[in-house]
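Below: one structure, written as structure tokens.
Sequential numbering from 1 along the given sequence is applied to the chain's residues.
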Amino acid sequence: MGSRAAEALKAYRSVLRATRKSFAGDSVMLRESAVEVRKKFEENRNVASDAEIQRLLEEASEASQFISTMI
């Protein structure tokens, strides 16, 4: 697995962990948030630009923080 792929997987897992903590006990929100996270990552699967990939990874990190602290 390439470095960028590993970073993307780490970001994906981080966002999912944040949703599991924030929506613990709410199975509907847990399921729907997991579907939405997967959809967003899949939409960007073929992005090749390093700058765009870095931007997306930063967005994922910000989303994870937001979900963990604001929801």
Side-chain angles (χ1 to χ4, degrees):
M1 184 181 306
S3 175
R4 288 293 189 188
E7 287 181 69
L9 184 57
K10 182 178 175 183
Y12 177 73
R13 287 178 176 160
S14 177
V15 174
L16 285 180
R17 269 193 303 276
T19 61
R20 282 195 300 265
K21 284 172 51 177
S22 294
F23 300 125
D26 187 342
S27 60
V28 172
M29 283 301 293
L30 257 173
R31 186 173 44 255
E32 289 182 13
S33 64
V35 168
E36 186 64 23
V37 169
R38 175 73 181 219
K39 181 179 138 199
K40 291 292 183 188
F41 274 80
E42 286 293 332
E43 285 173 359
N44 296 295
R45 177 184 285 276
N46 297 315
V47 171
S49 162
D50 281 342
E52 183 70 6
I53 291 169
Q54 189 59 41
R55 184 187 67 76
L56 290 166
L57 290 171
E58 288 171 10
E59 282 183 10
S61 177
E62 290 170 6
S64 180
Q65 277 188 300
F66 178 81
I67 292 165
S68 294
T69 59
M70 303 302 274
I71 295 180

Connected-component partners of Val28 among ILVMFWY, side-chain separation under 4.5 Å
none
Atom OG in Ser61, atom NZ in Lys10: separation rounded to 0.5 Å?
9.0 Å
By side chain to side chain contact (heavy atoms under 4.5 Å, CB included) - contacts of Ala8 (at least two apart):
Leu57
Who are the side chain to side chain contact (heavy atoms under 4.5 Å, CB included) partners of Lys21, not counting sequence neighbours?
none
Determine whether Val15 and Leu56 fall in the same hydrophobic cluster, where Ile, Leu, Val, Met, Phe, Trp and Tyr are linked whenever their side-chain heavy atoms lie under 4.5 Å apart.
no
Shortest non-hydrogen contact from Ala60 to Phe41?
CB-CZ, 3.9 Å
Once side chain to side chain contact (heavy atoms under 4.5 Å, CB included) is applied, do any residues pair with Ala63, and if so which ones, sequence neighbours excluded?
none
Minimum heavy-atom distance Ser14-Ser64, with the two atoms named
OG-OG, 2.9 Å
Leu30 to Thr19 - nearest heavy-atom pair and separation
CD2-O, 3.8 Å
Residues at least two apart in sequence or cross-chain that pass side chain to side chain contact (heavy atoms under 4.5 Å, CB included) with Val35, listed by chain then number, are none
Run the side-chain hydrogen bond (donor to acceptor under 3.5 Å, both in side chains) test against Glu42 and tell me which residues pass, sequence neighbours left out.
Arg38, Arg45
Just verifying a value: how many Å separate Leu9 CG and Arg13 CZ, rounded to the nearest 0.5 Å?
4.0 Å
Among pairs that include at least one residue of residues 56-68, which meet salt bridge (Lys or Arg N to Asp or Glu O under 4.0 Å), considering only residues two or more places apart or in two chains?
Arg55-Glu59
Sorted by first residue and then second, give each side chain to side chain donor-acceptor pair (under 3.5 Å) pair with at least one member in residues 24-37; sequence neighbours left out.
none
